[in-house]
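As structure tokens, the structure follows; a few thoughts come after it.
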Amino acid sequence: MPTSTSSASDAPAKSATGGVQSLERAFDLLERMADAGGEVGLSELSVSSGLPLPTIHRLMRTLVACGYVRQQPNRRYALGPRLIRLGESASRLLGTWARPYLAQLVEETGETANMALLDGDEIVYVAQVPSKHSMRMFTEVGRRVLPHSTGVGKALLATTPDDEVRALLARTGMPAATDRTITTPDAFLAALEEVRRAGYAVDDNEQEIGVRCLAVSVPDAPTAAAISISGPAGRVTDAATERIVPVLQQVARELSEALAGTGN
């Protein structure tokens with residue numbers, strides 16, 4: 001009885017990068033869905049990806065079966081709940097990967113270093129390395145705050161279109177944490193323009209009286225991320241800012257390169 005052998009045509013198609021083409025396409029579709037707000041139609045995916053409808057339908061059917069995508073009653077497709085567990089685990093790991101870079105920030109600036117992500121309409125702190133000073137700032141990892149009163153919030157929203165920022169502020173409101181908190185959309189958009197001009201963000205007693213924070217976004221991060229230092233206003237002076245900001249920017253670039261190389 002002749003033995004059966006697998007032909008070359010049975011093997012998964014390889015992509016130009018040497019990976020499995022169908023996997024690359026599936027992940028590309030998931031990212032396109034996220035960019036579109038989490039819910040799309042097949043025709044929209046076909047237009048944006050350039051893939052034929054039968055290919056997209058086959059990939060989406062597999063993703064639905066695995067729980068990573070769900071089909072809505074209106075026949076559109078939405079990101080599935082199984083992605084939540086992956087995202088939560090990845091966020092925790094992101095903080096772990098960032099810790100050596102935050103420790104470098106503490107060593108070079110003397111102040112507490114933080115990493116934060118934009119999660120929906122809120123800022124969530126995912127990692128921190130405390131200052132060695134007896135008087136130091138402490139933010140609990142996992143803490144959530146509104147972006148309008150934080151340096152990391154400004155750094156993260158500085159690349160967001162103004163109309164989207166206004167929509168976010170309309171959803172969250174702009175409650176005053178201190179008498180220095182920015183509480184109007186126009187003033188906040190002006191602050192974001194200053195962030196873009198200067199290349200860094202400042203929280204000047206806006207979240208907590210007596211505390212200043214300097215923040216920069218992590219360029220090309222897999223998810224919107226920012227790093228910051230925070231300390232007493234008496235230490236994080238304008239003179240200190242001139243010294244600290246280049247360090248922040250350099251560490252952000254190094255962290256970006258490390259994240260891009262993770263798993264390679």
Side-chain angles (χ1 to χ4, degrees), residues 19-95 97 115-126 142-148 150 152-174 185 188-189 192 217-226 256 259-260 262-263:
V20 178
Q21 187 181 68
S22 58
L23 277 176
E24 290 185 355
R25 287 176 169 177
F27 285 123
D28 178 65
L29 293 180
L30 289 173
E31 291 192 6
R32 290 178 186 278
M33 292 178 71
D35 290 341
E39 181 179 316
V40 295
L42 291 184
S43 58
E44 296 169 57
L45 283 176
S46 181
V47 170
S48 66
S49 69
L51 294 175
L53 276 171
T55 299
I56 292 177
H57 187 263
R58 185 171 65 252
L59 291 169
M60 297 300 281
R61 195 167 61 235
T62 301
L63 290 170
V64 168
C66 293
Y68 298 117
V69 169
R70 63 186 301 171
Q71 189 169 23
Q72 305 288 70
N74 61 4
R75 309 299 293 173
R76 289 165 66 81
Y77 289 85
L79 295 176
R82 198 167 183 184
L83 289 169
I84 296 172
R85 182 169 64 90
L86 299 182
E88 289 175 344
S89 297
S91 292
R92 287 193 294 270
L93 285 174
L94 192 61
W97 294 327
M115 183 179 190
L117 308 179
L118 184 62
D119 183 22
D121 290 344
E122 296 178 315
I123 298 298
V124 58
Y125 289 92
V126 296
R143 181 188 179 200
R144 291 175 174 271
V145 296
L146 297 181
H148 71 282
T150 64
V152 286
K154 293 175 187 174
L156 287 167
L157 291 178
T159 58
T160 303
D162 285 359
D163 59 341
E164 293 183 23
V165 174
R166 286 186 182 276
L168 182 152
L169 297 175
R171 291 191 298 269
T172 63
M174 301 183 70
F188 188 72
L189 290 173
L192 296 187
S217 61
V218 179
D220 303 317
T223 188
S256 173
L259 293 176
T262 299

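Residue numbers count from 1 along this sequence. Just so you know, these numbers come straight off a predicted model, no measurement behind them.
- Minimum heavy-atom separation, L259 to W97: CD2-CE3, 3.9 Å.
- Atom OG1 of T62 and atom NE2 of H57 lie 10.0 Å apart (nearest 0.5 Å).
- Applying the salt bridge (charged side-chain N to carboxylate O under 4.0 Å, His left out) test to E122 and every residue at least two apart in sequence or in another chain returns R144.
- M174 places a side-chain heavy atom less than 4.5 Å from the side chain of F188.
- Here the CG atom belonging to L63 is positioned 11.5 Å from the CZ atom belonging to R82, to the nearest 0.5 angstrom.
- Annotation: side chain to side chain contact (heavy atoms under 4.5 Å, CB included) contacts of A226 (sequence neighbours excluded): V152, A155, L156.
- Here the side chains of R166 and L189 are in contact, with some heavy-atom distance below 4.5 Å.
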What do the steps show when you test V69 against L29 for side-chain contact (heavy atoms from CB on, under 4.5 Å), and what is the final call?
CA-CA 10 Å; V69 169; L29 293 180; over 6 Å; no

Check residues 40-49 and write down every donor-acceptor pair under 3.5 Å in which the side-chain atom is one partner and the other belongs to a residue at least two apart or another chain.
unit_1 : atom_1 : unit_2 : atom_2 : d
E44    : OE2    : G41    : N      : 3.2
E44    : OE2    : R76    : NH1    : 2.5
E44    : OE2    : R76    : NH2    : 3.3
S46    : OG     : L51    : O      : 2.8
S48    : OG     : E44    : O      : 3.2
S48    : OG     : L45    : O      : 3.3
S49    : OG     : L45    : O      : 2.6
S49    : OG     : L51    : N      : 3.2

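- For the atom pair CD (Q21) and OG1 (T55), the distance works out to 8.5 Å, reported to the nearest 0.5 Å.
- The closest side-chain heavy-atom distance from P147 to K154 is not below 4.5 Å.
- Residues M115 and A225 approach most closely at CE-CB, 3.7 Å, considering heavy atoms.
- By the side chain to side chain donor-acceptor pair (under 3.5 Å) test, R58 is found to be paired with no residue, residues two or more places apart in sequence or in another chain being considered.
- The two atoms that bring S256 and D220 nearest to each other are OG-CB, 4.1 Å, heavy atoms only.
- We find the CG-CG distance between L30 and L83 to be 6.0 Å, quoted to the nearest 0.5 Å.
- Once rounded to the nearest 0.5 Å, the distance linking CZ of R25 with CG of L59 reads 7.5 Å.
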Trace of the side-chain contact (heavy atoms from CB on, under 4.5 Å) decision for Y77 with V64:
CA-CA 9 Å; Y77 289 85; V64 168; 3.8 Å; yes

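- For L23, the side chain to side chain contact (heavy atoms under 4.5 Å, CB included) partners at least two apart in sequence or on another chain are V20, F27.
- With sequence neighbours excluded, the residues satisfying side chain to side chain donor-acceptor pair (under 3.5 Å) with D28 are R32.
- In this structure, L146 and I123 have side chains that are not in contact, with every pair of non-hydrogen atoms separated by 4.5 Å or more.
- Tested against L157, the residues L118, T150, D162, L169 include a single side-chain contact (heavy atoms from CB on, under 4.5 Å) partner, L118.
- Counting heavy atoms from C-beta on, the side chains of Y125 and L117 never come closer than 4.5 Å.
- Scored by the side chain to side chain donor-acceptor pair (under 3.5 Å) test, Q72 finds E39 as partners (sequence neighbours excluded).
- R75 meets the side chain to side chain donor-acceptor pair (under 3.5 Å) test with no other residue; sequence neighbours excluded.
- In this view, P54 and P52 satisfy the side chain to side chain contact (heavy atoms under 4.5 Å, CB included) rule, not counting sequence neighbours.
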